[in-house]
Amino acid sequence: MSAPSGLVIAIDGPSGSGKSSTSRGVATRLGLRYLDTGAMYRAMTWWMLRAGVDPTDPVAVAARVGEPLIEAGTDPLGPTIAVDGIDVVRAIRTDEVTGSVSPVSAVAEVRARLLGLQRTIIAAAPGGIVVEGRDIGSVVAPDAPVKVYLTADPSARAVRRAAEEGGSDVAATEESLLARDRIDSGRAASPLVMAEGAVHIDTTPYSLDEVIDLVVGLVKEAGA
């Protein structure tokens with residue numbers, strides 16, 4: 001199935017719901033670009049930690065938010081993320097970054113800076129793009145013709161995330177995911193919510209291919 005120019009598919013949801021795998025799969029299936037906005041927040045967090053900024057001090061974070069150069073590649077088969085020319089694909093997935101990304105992401109100045117970058121990338125994407133995150137349908141691309149909100153049972157999310165992280169403790173992972181949910185849903189700036197007009201898909205009972213099929217079906221139904 002080919003996609004018309006300018007198509008934006010917004011996929012939101014909490015950690016471990018299957019956003020990344022689904023988004024990349026849909027983008028590949030439809031011949032679209034792909035943007036992981038969460039990686040951009042992780043990249044900002046990595047830079048703050050490297051610069052010695054306390055990630056829990058919103059004033060300190062806001063004061064430095066304009067300094068790092070963050071570049072996100074949009075090939076769904078090999079998405080990249082770089083900070084000041086440094087490849088940070090692996091560095092942003094450390095426990096240190098994971099533990100600090102929520103407070104950094106909650107800073108309004110961080111969200112404003114990255115929102116501008118995200119919209120620039122979306123506008124420049126040839127043929128269209130699948131964008132994943134927590135505020136895509138509600139804030140970043142509210143006019144997207146296809147909006148999806150993915151969720152899964154906390155236990156299923158924890159099993160998936162623990163497997164991604166090489167066999168981490170599932171119970172501890174679930175506790176960490178739920179703690180992040182509370183922060184992301186309760187923050188003042190662009191909280192995690194299901195956007196108006198979004199289709200909710202609980203991915204718990206489905207395989208990855210089945211979820212991709214469901215989203216591609218929504219694109220067809222929307223005539224997008």
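Considering only heavy atoms from C-beta on, V8 stays 4.5 Å or farther from I136 through its side chain. Between V131 and Q118 the shortest side-chain heavy-atom distance does not fall below 4.5 Å. Using a 4.5 Å heavy-atom threshold, the side chains of I11 and I9 count as touching. Counting only heavy atoms from C-beta outward, the side chains of M44 and V107 never approach each other to under 4.5 Å. No side-chain heavy atom of R33 sits under 4.5 Å from any side-chain heavy atom of V130. At a threshold of 4.5 Å between non-hydrogen side-chain atoms, the residues P14 and R134 do not count as touching. Side-chain contact between D213 and R29: present, with at least one pair of heavy atoms (C-beta onward) separated by less than 4.5 Å. When side chains are defined from C-beta on, D75 does not count as touching Y34, because their heavy atoms never get closer than 4.5 Å.
Within the structure, no pair that satisfies the salt bridge (Lys or Arg N to Asp or Glu O under 4.0 Å) test touches residues 8-28, not counting sequence neighbours. Within the structure, side chain to side chain donor-acceptor pair (under 3.5 Å) pairs that include any residue of residues 143-156 comprise T151-H200 (at least two apart or interchain). For residues 59-68, the set of pairs meeting the salt bridge (Lys or Arg N to Asp or Glu O under 4.0 Å) definition, not counting sequence neighbours, comprises R64-E67.
The backbone N or O of V89 lies less than 3.5 Å from a partner atom in the side chain of D87, making a donor-acceptor pair. For T203 (side chain) and S17 (main-chain N/O), a donor-acceptor pair under 3.5 Å exists by modelled atom type. Between the side chain of D84 and the backbone N or O of P68 there is no donor-acceptor pair closer than 3.5 Å. Between the D36 side chain and the A39 main chain, a donor and an acceptor come within less than 3.5 Å of each other.
Other residues, nucleotides and ligands place more than 12 heavy atoms under 6.0 Å from the CZ atom of R119.
Scanning all heavy atoms of the two residues, the minimum distance from A144 to A10 falls at CB-CB, 4.1 Å. Of all non-hydrogen atoms in P142 and V140, the two that sit nearest each other are CD-C, 3.5 Å. Taking every heavy atom of both residues into account, G127 and L32 meet most closely at O-CD2, 3.4 Å. The shortest non-hydrogen separation linking A152 to T204 is CA-OG1, 3.3 Å. Between G85 and E71, the closest heavy-atom pair is N-OE1, 4.5 Å. The shortest non-hydrogen separation linking V65 to V110 is CG2-CA, 3.5 Å.
With E96 as the fixed residue, the side chain to side chain contact (heavy atoms under 4.5 Å, CB included) test singles out one of L49, V101, T45: L49.
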Using residues 191-199 as the side-chain source, report each donor-acceptor pair under 3.5 Å to any protein atom, sequence neighbours left out, with the distance given to one decimal.
none

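Once rounded to the nearest 0.5 Å, the distance linking CD1 of I201 with CG of L214 reads 5.0 Å. Note that the CD1 atom of I81 and the OH atom of Y41 stand 12.0 Å from one another [nearest 0.5 Å]. Atom OG1 of T28 is separated from atom CD1 of I212 by 8.0 Å, given to the nearest 0.5 angstrom. Taken to the nearest 0.5 Å, the CG atom of D202 stands 9.5 Å off from the CG atom of L150. Atom OG1 of T120 is separated from atom CG of L115 by 9.0 Å, given to the nearest 0.5 angstrom.
Side chains of T37 and E132: no donor on one and acceptor on the other come within 3.5 Å. Using a 3.5 Å distance cut-off with no hydrogens or angles, the side chains of R42 and S105 do not pair a donor with an acceptor.
Linking ILVMFWY residues whenever their side-chain heavy atoms come closer than 4.5 Å, directly or via other members, leaves L69 and L117 in distinct clusters. In the hydrophobic clustering of ILVMFWY residues, with side-chain heavy atoms under 4.5 Å counting as a link, V148 and V211 come out together.
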Test I92 against M40 for side chain to side chain contact (heavy atoms under 4.5 Å, CB included), laying out the working first.
CA-CA 9 Å; I92 63 172; M40 299 176 76; over 6 Å; no
Step by step, work out the side chain to side chain contact (heavy atoms under 4.5 Å, CB included) result for W46 and I70.
CA-CA 11 Å; W46 176 86; I70 297 175; over 6 Å; no
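For S207, the side chain to side chain contact (heavy atoms under 4.5 Å, CB included) partners two or more places apart in sequence, or in a different chain, are D209, E210. Applying the side chain to side chain contact (heavy atoms under 4.5 Å, CB included) rule to A63 yields no partners; only residues at least two apart in sequence or on another chain are considered.
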